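Just so it is clear, the values below take in all heavy atoms, side chains as well, and ignore hydrogens, waters and symmetry mates. Note that the structure is a prediction, hence the values are computed from the model and not measured. Throughout, a chain's letter reflects where its sequence line sits, starting with A, and its residues are numbered from 1.
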Number of protein chains: 2
Amino acid sequence: MPKLKISKRKREILNAAAVLFRYKGYAATSMRDLAEKVGLEVSSLYSHIKSKEEILITLCFHCANLYSDGLNQITEMDTNAMQKIDAIIDLHINIAIDHPSSITVFNDEWKHLSSEDLSRFLKMRKSYEKGIKSVLQEGINNSLLKDYPLDMLLNTMLSAMRWIHYIKNDINQLDRIKTQEVVKTILFAGIVNNKKR
Amino acid sequence: MPKLKISKRKREILNAAAVLFRYKGYAATSMRDLAEKVGLEVSSLYSHIKSKEEILITLCFHCANLYSDGLNQITEMDTNAMQKIDAIIDLHINIAIDHPSSITVFNDEWKHLSSEDLSRFLKMRKSYEKGIKSVLQEGINNSLLKDYPLDMLLNTMLSAMRWIHYIKNDINQLDRIKTQEVVKTILFAGIVNNKKR
DNA sequence: CCTACCGATCGGTAGG
DNA sequence: CCTACCGATCGGTAGG
């Protein structure tokens, strides 16, 4: 596991790439686009990065780690399923607001990863979903959640938050707390077993 | 408004393109890929289509029309806001199940439209969202819906269904009715004003 | 970090 | 619908 240090310049390049990939897509973004954005000649980029794909790999797995680290902390908490789901929703909303560009890359551009990286990525996603599903299952077992098919519950819940990172930056003073509150209320009133309330 | 007739061959090409764009993305799909898929030489494609972008335009606006025609029928119905939202959810789920490939293109690849087509597309989307928002507003006014910010209500509701078209084809015998039922229950119990129930 | 450059691939056309 | 072909652009390298 390298990645001990990332130079300031490299971070600049990664950030610029995230923004470009977000709006143009990975395949439609050229290294010329990226070079221009950071004020370098194309060839100079390769002093800092190995390849275009290395950038994609870095961005995708950076986000993957944000999610899986977050989930690990949550599952270790000594709380019930409802509170864990509460925390999972906070996690997703916070990541979406704090990293809108790289989250878009993570969501929409991972398919351009190749072979080993792609399968590693899909494995991480599978395991992340498995982690959430077991929280959901715990909630169902304790009658805290309605007994719906886990897949539908998971997909609906996670999809329902997949618009926050599209909010334009100039509306960025959007109230994080308000978003969490409203989204949570919408989701919870739908997921929670009313008999228990 | 042309498009009176689309030859069988052209339809084949459009369908193959939708599938390729879905899995590889528009920019990463080459006309060579497409030609191979339909069993033609690259240059022969151009007897049926004008350009790569024409394909994207056709696919995007085909879907856009499915949604806006559907919404128009719904808003003309003589029903209350709740029933209209019910119908809107059905519309989205049905389109997602019936046109999984082109809906993915519609959702993820519209950004590759250029200038006039892009702005026409965004205008249609804006107007579609406006139509749904006025249904939501009507529901709020009649105390059928919780009084949340319209944008959050709209985005959460539409996003919550944006996973259905990713269901793999080999699970295609997934029960449409069951999906509608579960998604609707999850969404409704969250959106509906409980004081009214 | 730049100049100079390369092979591969791209969308698309001419002409039949 | 195909053969033959083209200019443009791609990601990336050599060498300093």
Discussion item. Test your reading of the model: is there a side-chain donor-acceptor pair from A/Asn72 to the backbone of A/Ser68, 3.5 Å cut-off?
Written reply: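 Confirmed, A/Asn72 side chain pairs with A/Ser68 backbone.
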Discussion item. Would the distance check show the side chain of A/Ser159 and the main-chain N or O of A/Thr156 forming a donor-acceptor pair, the cut-off being under 3.5 Å?
Written reply: no
Worksheet entry | Gap between atoms CD and P, on A/Glu36 and C/dC1 respectively (whole Å) | 17 Å
Practice prompt. Applying side-chain hydrogen bond (donor to acceptor under 3.5 Å, both in side chains), run through B/Asn94 and B/Gln180 and close with a yes or a no.
Written response: CA-CA 9 Å; B/Asn94 284 332; B/Gln180 288 174 335; 3.0 Å; yes
Worksheet item: Does the ring of A/Phe121 carry A/Lys111 above it, NZ/CZ under 6.0 angstrom from centre and within 45° of its axis?
Response: no
Worksheet item: Is the Lys NZ or Arg CZ of B/Arg125 less than 6.0 Å from the centre of B/Trp110's six-membered ring, within 45° of the axis?
Response: yes
Practice prompt. Might you confirm whether atom NZ of A/Lys37 has over 12 heavy atoms from other residues, nucleotides or ligands at distances under 6.0 Å?
Written response: no
Item to complete: List for me each residue that meets side-chain hydrogen bond (donor to acceptor under 3.5 Å, both in side chains) alongside A/Lys24, sequence neighbours excluded, and say none if there are none.
Response: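 Result, side-chain hydrogen bond (donor to acceptor under 3.5 Å, both in side chains) vs A/Lys24: A/Asp33.
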Worksheet item: Listed by chain and number, what are the side-chain hydrogen bond (donor to acceptor under 3.5 Å, both in side chains) partners of B/Glu109, not counting sequence neighbours?
Response: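 Scan of B/Glu109 (side-chain hydrogen bond (donor to acceptor under 3.5 Å, both in side chains), adjacent residues dropped) gives B/His112.
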Discussion item. If a pair means Watson-Crick or G-U wobble with both distances below 3.5 Å, what does DNA chain C look like in dot-bracket form, with | marking bases paired to a different strand?
Written reply: ||||||||||||||||
Fill in: All pairs passing ring-ring contact (aromatic ring centres under 6.0 Å, His included) where residues 30-60 of chain A contributes a residue, at least two apart
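Pairs touching residues 30-60 of chain A that pass the test: none.
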Worksheet item: Taking all non-hydrogen atoms of both residues, which atom of A/Leu34 and which atom of A/Ala17 are closest, and how far apart?
Response: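 That closest heavy-atom pairing would be CD1-N, 3.6 Å.
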Worksheet item: Could you write nucleotides 3-13 of chain C as a row of B, S and -, 5' to 3', where a protein heavy atom under 4.0 Å of any base atom gives B, of only sugar-phosphate atoms gives S, and otherwise -?
Response: BB-----BBBB
Item to complete: Check every strand shown and say whether B/Leu45 touches a base, only sugar-phosphate, or nothing at a heavy-atom separation below 4.0 Å.
Response: nothing
Discussion item. Near DNA chain C, counting only heavy atoms under 4.0 Å, which residues of residues 110-118 of chain A show up?
Written reply: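 The stretch gives none, as no residue of it lies under 4.0 Å from the strand.
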